[in-house]
> 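Can you read through this structure? Questions will come right after.
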Amino acid sequence: AEDQIQVTEDISVSGDYDWKRFEGQGVTLNVYNWGLYISDGSEESVDVISAFENLTGIKVNYTTFDSNESLYAKIKSGGVSYDVIVPSDYMVGKMIEEGMLAPLDYSNIPNAAGIGAEYLGWPFDEENTYSVPYMWGTTGLIYNTTMVQEAPDSWADMWDVQYTGNVLMFNNSRDAYAVAAKKLGMSLNPASVEEVDRVIEELKAQKSVVQAYVMDEIFDKMEGGEAALAPYYAGDAITMIQDNPDLAFVFPKEGVNFFVDSLCIPANCKNKEAAEMFLNYMCEPDVGLANCEFIGYSTPIGKVWERLDDELKYSEIAYPSQEVLDKAEAFTTLSAQVNSALDTAWSDMKSYDEGGSGWMVLVFLILALAISVFNIWRRVRKKLRNEY
Amino acid sequence: MKNRHLRLLQRTYVVLIFCFMYLPILVLAVFSFNESKSRTVFTGFTLDWYKSLFTNRMILSALALSLAVALVSAVVATVVGTMATVGISAMGRKSQLFINNISYMPVVNPEIITGVSLMLLFVFLQNWASKFDALPDAFFGLPTLLIAHITFNLPYVIFNVSPKLRQMDSRIYEAALDLGCTPRQAFFKAVLPELTPAILSAFLICLTYSIDDFIISYFNCGTLQTLPIAIYSMTRKKVSPEINALSTIMFLVILSIILISNALDSRRYKREQGLGKAGEGR
Amino acid sequence: MEQNVIVSLKDIVVEYDGEKVLDKLSLDIPDKGFVTFLGPSGCGKTTTLRVVGGFVEPKSGVVLFDGKDITDLPPYRRQVNTVFQKYALFPHLNVFENVAFGLRLKKLDEKEIRRRVLEMLEVVGLKGFERRAVTQMSGGQQQRVAIARGLVNQPRVLLLDEPLGALDLKLRKEMQLELKRLQREMNITFIYVTHDQEEALTMSDTVVVMNQGHVQQIGSPEDIYNEPENAFVADFIGASNILDGVMLADYRAEFSGREFVCVDKGFARNQPVQVVIRPEDIKVVPAGQGMLTGVVEDVIFKGVHFEMHVDCDGREWLIHSTQACRQGEAIGMDIGPDEIHIMARMEE
Amino acid sequence: MEQNVIVSLKDIVVEYDGEKVLDKLSLDIPDKGFVTFLGPSGCGKTTTLRVVGGFVEPKSGVVLFDGKDITDLPPYRRQVNTVFQKYALFPHLNVFENVAFGLRLKKLDEKEIRRRVLEMLEVVGLKGFERRAVTQMSGGQQQRVAIARGLVNQPRVLLLDEPLGALDLKLRKEMQLELKRLQREMNITFIYVTHDQEEALTMSDTVVVMNQGHVQQIGSPEDIYNEPENAFVADFIGASNILDGVMLADYRAEFSGREFVCVDKGFARNQPVQVVIRPEDIKVVPAGQGMLTGVVEDVIFKGVHFEMHVDCDGREWLIHSTQACRQGEAIGMDIGPDEIHIMARMEE
Amino acid sequence: MIKSKAAASPYLVWMVIFIVAPLLIVAYYAFTDASGNFTLENIMAIGRYSSVFARSLLLAAEATVICLVLAFPVGYFLSRLRASKQHIMLMLVMLPMWMNFLLRTYAWMSLLENNGIINTVLGFFGLGPFRMINTAGAVVLGMVYNYLPYMILPLYTAMTKIDNSIIEAAQDLGASTLGTFTKVLLPLSGPGIATGITMVFVPSVSTFIISRMLGGGSNLLIGDLIELQFLGNSYNFNMGSAMSLVLMVIVLLCMSFTSSFDEQEMEGVM
Ligand SMILES: Nc1ncnc2c1ncn2[C@@H]1O[C@H](COP(=O)(O)OP(=O)(O)OP(=O)(O)O)[C@@H](O)[C@H]1O
Ligand SMILES: Nc1ncnc2c1ncn2[C@@H]1O[C@H](COP(=O)(O)OP(=O)(O)OP(=O)(O)O)[C@@H](O)[C@H]1O
Ligand SMILES: [Mg+2]
Ligand SMILES: [Mg+2]
């Protein structure tokens, strides 16, 4: 169109926005995103970040995290100031509660208007004061067809001993909890500490079956045929299946997690307006399309969906049927008490050892003591000898 | 005869150990030329991964940052550490022991504790300074990274240089005085050159540790990414053979640096020997 | 030969950790001489040298140089250079630069430096070695570099602290002659430290025998050897037979149960004395014919002479003789009046 | 004194990197003797010792011990103990444990070990030092520990590789006597390595002079000193005047432009020979009276004697004399027939 | 020699601020709760993770012992080589150390995976596949591999100081090969062994990379636990500090073993 600015071959952005106002000011944006969650130019994709830099003259320092919790910890620990972050739903809520996010000035993000209404106004941020949806999706079960007897259809298959050592599991507390909770037919948002304990017990029981607790390593492992079953995000499953046709994806019958990842600006952001420009850029249809094609997640922007190629557009995995969505449940922000119970229980679970080698501590303490006594004795002896 | 068997056994053992140490590196190198992304099946030869590596901005900028941090921190640590060594040597035995023991802390402490404790300090400093607006905006980042690297480098300088200083013949210093140097001149003209090899090797050690450090940087890098951190984030994603290409290049660079410096060394040695012979001939 | 005094120490006291290492030491060093400090390990030789060089500040006392007080002058202002015990060459510099070090500090021009360094290297016999690394030289060569490095600055006095201590016997002998030659050629004062009496005798014009921070005797090598002033000196300079005796009158001494004629006088009547007799000064005669009779206990072939341990009334005598006796043989011993050195008995 | 042979080397060849270090060396070591290997540095003394000790496998040749072939026996099976060049004490053990090391390996009972170690420490004069760390001892003391450690095992042969090399002169002299005494007391064979001729002469019953992997001469110290078989031995044992000459007939030699009477015979007529004359064997006589006339170039006082360098028709003679001459003085030199040692000229 | 204590002052200031102060802060956090009140709860709560501590110590100890056993002969052989060869061999030992730690560990992933190179090769011989990755064994292997040079080098340095004649002296006195080893070689390489143990044990016990990359996150180690508190799921500075403190105490206790050697003995071994 006339009022479009052609940035690269693939990307044009709306011309009625002042993209150049920070040019030459040496502005740098620190963008903190999930791994593999933007079209970054690898594998012949479009490099949307450098296009943004060319367009605006703003430098982007792009780094990645691999779970909401580590994002939270990194920001919470202080000091670090990011300009744009991409937390998921419940984490957005938690961060809002703790005053970690800055309210958005939508006049700087006109493209937000293109976002479908069904993706706005979720409980974690009802007015979308702090967050602009970036991608949405569901979780599901990825499996290697050559390694399973019959296609799994339930989370419970991940507890099946015939897959011992061939199961991968989420390496973050909420997602892992969700799997176990759904298996038990419970809500994936625990309401009480007892509930947490109950579900974590289930995870402990699963431990002997699990080969590894991983996050993005799952790509490599599933594509390489290292494991038979793994729960992961639907969008990523599409990527994996593309790379290894042996893989398949299923929405377990107990129901899955529905999530929205949102673009947010932390409260201690140093350059909010530039950050909002980045948000606006991310909501550009061309950019959204590039991202969507690269990462395979589901877009909340209508214009992007329309332009997807059919394979993705009508993908059962990316845009599941209503039946699946009906059974899907979203995360909510937990109360502080339940949250900390979950964290503790999670690390308990991780450190839990069936063999149980608690007595080893005793052995080690005794050993350490023996060594130090031996040392003192040695020194005394040496001293005596020297005096002699 | 028995000796020969024993020697064969020794050789075999050493060769096996070296195989163990080099096997993984070999694997990395071989698969950097693999056409497909598979890390285990070799499907064909390609140099594509090297090409794409050199267009990977993340890696290149992380590399630049790592080099810069390593260089600056090594220089600062070497200068401060050498000064410290000289100063400490002038102290009494008790204070020497005390300072040395504290200096040992970053060496014997697990890296994670050094990293974490520095992070806590920086957080504390920042919270405290934010009240007065005394610290620069981007305090967490380059400044903290540099401070952390200098901190864990300093002990290596001290423990490398101080034995040299102690072993050094104090008469050399006196000889310089005797020949007309003031104490300051004597230090720079006679003592410092003597310490140079130790200082240099300390500097190299600092560089190495600095470039290789992951854990301490990980806790103190703020929004920045050093090369190890970039590599870490790469290993946690869908791994691309670029990483193999990167390791192969790093290995070759290091290997060639070592070989060149070795060759230079032995050439200098030979030249000196040759000169010596010529001198005797006359 | 009446000589000027170049360095003069007056009542020097040096303490380490409260222990007196030099105790009111006074000493005049004649100009253009080869003066050797000789004494057992730890007697304070090095310390004395370091006082002259300016590396040790005496607790009290005065150091005069050419009549001027230089006690407080730092080392780099003294017209004195030192050759250190273990050379202390600068390992990072080659031979040329080591020698040129002092000259460069004086900011002489490059040509002049070159000329003087090369000249000095020629003098010490290291022509052609300029560019050699000092670490790649033998002990003797390093020694020469150290000497050249000192001499090139044309000091009035060169201090040498056991410069040959680390060399093997053969090299040592060579370097002794070399040093002697150098001192004559340069015509400056050498103050030389050693604990090897043979070395001291071989090289010096003047020998200063020290013990426990005190000067025991100063004199020419012959004086010191032939007329030791006390038993310590006598014993330290060559193996000796030292006996207790009594001076009966002038020229008559009694020891070993017998009266002897000697050349000493001026002692009080019946004054207890010590008698020193060199092993090579005892003549071996057939048993019964000599002044003393003894039984050979041990004979050791030493090449030039035989060393014999002779038991004489329960006292062991040491005799050097070119003539071998058998073990167990009884022999007579003759001692000429000249060979009997009488000295007042030291208090122990 | 006819003695049994305890160690016998037959045609031993040792190569390092293809270079022959010992070249068909054959040698008999008499039992209960004090045998010294003497030779310049690098001549193969240590290597020979190590062949006996079992640390070096000869390329060919046989080592006999008491008549039995032990060439392939490992060191820990040989009835031989070694005192190493730099002692090689175990730094982690104290004096007692160092000495007890060999006994403990033999699994003797504790009491017996204690008795023998203390006894041995007493023999070497280290009573009361049992618990001292060896690193805290002086060189001489360490030496004694090393000797005790070897001797306590009651070896038939004790090998000593320059055991006194690192000690200073005085200590060295003491230890020489000490070692000699020990050897006599223990009544075992000592094989001793040194490159100091005086040491070799002082201590040995038998001296083996080696050069470049070959034995040059075997004999008693007196034989070696007085009747060197070739110029190498003559030169190596004490400073000598070595001149080229011609044998005119039996008992008549010509050298230095003059005919001399000597005691050697059996050479061919006009055969070129080398003449060795010891510096102390030359008598100084007034100028014109002696067989030769020379001019004194240099006089050095050496305590016992004066060392003179005399120029005689352009050749420098070394003379030791108790009588000093002035520098520049012309003197005569007399040489008795006994003092002239004639030997066939070596091919160089 | 050169009497200038002032030269040390920049370092002393640095030391106080960046070495001493951080440790004090760790201690402070360890004994306070989120609102800054004194508490012992953090320390007590560590009891819950005793199995992690035990596992860490056990795996690290295993790795250390294996390193020691593997490295001892290497150090010995190297120290007996000729000087020129020693130089090259040392370079070879150190070369892998110059490679990025993460890359080296990553390489093991390719080797150990179920469909990895080792299993593929074994497959040719009809063996396997063996499950190697994501086991405790893989973690130990990673530790051994990464820290082996840290064991070889100090051992080598200590052993170069053992003169050949000392070994010969032992043989001379009747010690067989085994006797020489136990009675002379082993005690004399003591300082090297101690340093080597430190340099392998400390990083092994606190690693979180190796356990994550080769252990699959189910073999949680102390390092993981601490990281979890500061930059991960749990987010609890106080708890993390308490764990750090305990870890530090454990390590220092073990290190007192090393420092019992004289400074002089240690010289150059570090
Ligand atoms: N820096 C010092 N600190 C303490 N004591 C010292 C120092 N230097 C020398 N001494 C002591 O002073 C005494 C004299 O030492 P000095 O070095 O002058 O002896 P020396 O005659 O040169 O002996 P040597 O022949 O062994 O060199 C010795 O007892 C020595 O221990
Ligand atoms: N391990 C070795 N490898 C190579 N060459 C050797 C070795 N040991 C000795 N040599 C060479 O063998 C020759 C004889 O050495 P050996 O040690 O027997 O001499 P030596 O007579 O004991 O000399 P020194 O008096 O210096 O101890 C020398 O040239 C030496 O360089
Ligand atoms: Mg001295
Ligand atoms: Mg030798």
Side-chain angles (χ1 to χ4, degrees), chain B residues 10 13-14 17-18 20-25 27-28 31 39-40 80-81 83-84 86-91 102-103 105-106 108-113 116-121 124 147 151 154 159 163 170 173 183 187 191 208 212 214 219 227-228 231-232 235 243 247 250-251 254-255 258 262, chain E residues 1-11 14-15 18-23 25-26 29 70 73-74 77 91-92 95-96 98-104 106-108 110-111 113 115-117 120 148 198 202-203 205-206 208-209 213 223 226-227 230-231 240 244 247-248 251 255 267-268 270:
Chain B
Q10 284 183 11
Y13 181 77
V14 172
I17 290 285
F18 276 118
F20 172 63
M21 298 208 317
Y22 283 89
L23 181 69
I25 296 172
V27 167
L28 283 180
F31 283 92
R39 292 181 302 167
T40 48
V80 175
M83 279 167 61
V86 173
I88 292 171
S89 76
M91 296 182 188
I102 293 185
S103 304
M105 290 306 260
V108 296
N109 252 348
E111 278 184 305
I112 194 168
I113 290 181
V116 161
S117 67
L118 278 170
M119 181 182 89
L120 289 177
L121 175 79
F124 173 80
I147 290 174
T151 304
L154 269 171
F159 292 120
S170 70
Y173 174 71
F187 177 75
V191 177
T208 321
D212 206 35
F214 167 70
F219 285 96
L227 189 62
I231 292 172
Y232 181 67
T235 58
I243 210 173
S247 4
M250 281 176 72
F251 184 76
I254 290 156
L255 187 69
I258 287 176
N262 245 17
Chain E
M1 182 167 52
I2 311 126
K3 296 272 179 273
S4 161
K5 293 185 196 176
S9 44
Y11 172 69
W14 192 283
M15 191 178 89
F18 296 116
I19 297 180
V20 179
L23 294 180
I25 293 181
V26 168
Y29 272 106
L70 286 182
V74 178
F77 299 151
M91 282 297 171
L92 281 179
L95 194 52
W98 280 69
M99 286 287 290
N100 188 287
F101 169 77
L102 296 156
L103 290 178
R104 278 180 288 156
Y106 167 71
W108 276 106
S110 319
L111 281 164
E113 276 169 350
N115 299 326
I117 293 165
T120 311
L148 186 61
T198 314
V202 173
V205 84
S206 65
F208 66 93
I209 315 282
M213 287 171 80
I226 294 177
E227 197 252 357
F230 285 101
L231 290 183
S244 301
L247 175 59
M248 201 158 81
V251 165
M255 285 326 86
E267 195 118 289
M270 279 302 287

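Numbered from 1 within each chain, the chains take letters A, B, ... in sequence-line order. Note that this is a predicted model, so its numbers are computed, not measured.
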> As an exercise, state the distance from CE of M99(E) to CE of M21(B), rounded to the nearest 0.5 Å.
12.5 Å
> What orientation do F208(E) and F219(B) show, parallel under 30°, tilted 30 to 60°, or perpendicular over 60°?
perpendicular
> Is chain B contacted by the side chain of M15(E), its backbone, both, or neither, given a heavy-atom distance below 4.5 Å?
side chain
> Quick check on the interface: out of I19(E), L70(E), L103(E), who has the most heavy-atom pairs with chain B under 4.5 Å?
L103(E)
> Please look at T208(B) and chain E and tell me whether the side chain, the backbone, both or neither of the residue comes under 4.5 angstrom of a heavy atom of that chain.
side chain
> For F214(B), is it the side chain, the backbone, both or neither that has a heavy atom under 4.5 Å from a heavy atom of chain E?
side chain
> Heavy-atom pairs under 4.5 Å with chain E: which of V80(B), T151(B), I88(B), L23(B) has the most?
T151(B)
> Just verifying a value: how many Å separate I113(B) CD1 and L247(E) CG, rounded to the nearest 0.5 Å?
4.0 Å
> Name the option with the most non-hydrogen atom pairs under 4.5 Å to chain E; the candidates are L255(B), I258(B), V116(B), I25(B).
V116(B)
> If you count heavy-atom pairs under 4.5 Å between each of Y22(B), F124(B), F251(B), F31(B) and chain E, which one has the most?
Y22(B)
> In terms of heavy-atom proximity below 4.5 Å to chain E, should I102(B) be classed as side chain, backbone, both, or neither?
both
> Under 4.5 Å heavy-atom distance to chain B, tell me which part of E113(E) shows up: side chain, backbone, both or neither.
side chain
> Need one label for I243(B): side chain, backbone, both or neither, based on atoms under 4.5 Å from any heavy atom in chain E.
both
> Name the region of F20(B), side chain, backbone, both or neither, that has any atom closer than 4.5 Å to a heavy atom of chain E.
both
> Which heavy atom of A8(E) sits nearest a heavy atom of M91(B), and at what distance?
CB-CE, 3.9 Å
> As an exercise: rank G81(B), P228(B), P110(B) by heavy-atom pairs under 4.5 Å with chain E and give me the winner.
P110(B)
> Applying side chain to side chain contact (heavy atoms under 4.5 Å, CB included), name anything that partners P22(E), two or more places apart in sequence or on another chain.
S117(B), L118(B), L121(B)
> With a 4.5 angstrom heavy-atom cut-off, which part of P96(E) approaches chain B: side chain, backbone, both or neither?
both
> For the interface with chain B, which of V26(E), V20(E), L102(E) has the highest count of heavy-atom pairs at distances below 4.5 Å?
L102(E)
> Please rank L227(B), V14(B), I147(B) by heavy-atom pairs under 4.5 Å with chain E and give me the top one.
I147(B)
> Please find the pair of heavy atoms, one from I112(B) and one from S206(E), that lie closest to each other, and give the distance.
CG2-CB, 4.0 Å
> Measure L92(E) against the heavy atoms of chain B and call it side chain, backbone, both or neither at under 4.5 Å.
both
> So F230(E) and L120(B), do their side chains get closer than 4.5 Å, heavy atoms only?
yes
> Between V27(B) and chain E, which part of the residue has a heavy atom less than 4.5 Å away: side chain, backbone, both or neither?
side chain
> Do S103(B) and Y11(E) have side-chain atoms, one donor and one acceptor, less than 3.5 Å apart?
yes
> Can you name the side chain to side chain contact (heavy atoms under 4.5 Å, CB included) partners of D212(B), sequence neighbours left out?
N100(E), F101(E), R104(E)
> Heavy-atom distance under 4.5 Å to chain B: side chain of L111(E), backbone, both or neither?
side chain
> Quick check for you: to the nearest 0.5 Å, what is the distance between L154(B) atom CG and W14(E) atom CH2?
7.0 Å
> Flag the one option from L23(E), L95(E), V202(E) with the top tally of heavy-atom pairs under 4.5 Å to chain B.
L95(E)
> What I'd like to find out is whether the side chain of Y106(E) reaches to under 4.5 Å of the side chain of I231(B), using heavy atoms alone.
no
> What part of V74(E) gets closer than 4.5 Å to chain B, counting heavy atoms only: side chain, backbone, both or neither?
both
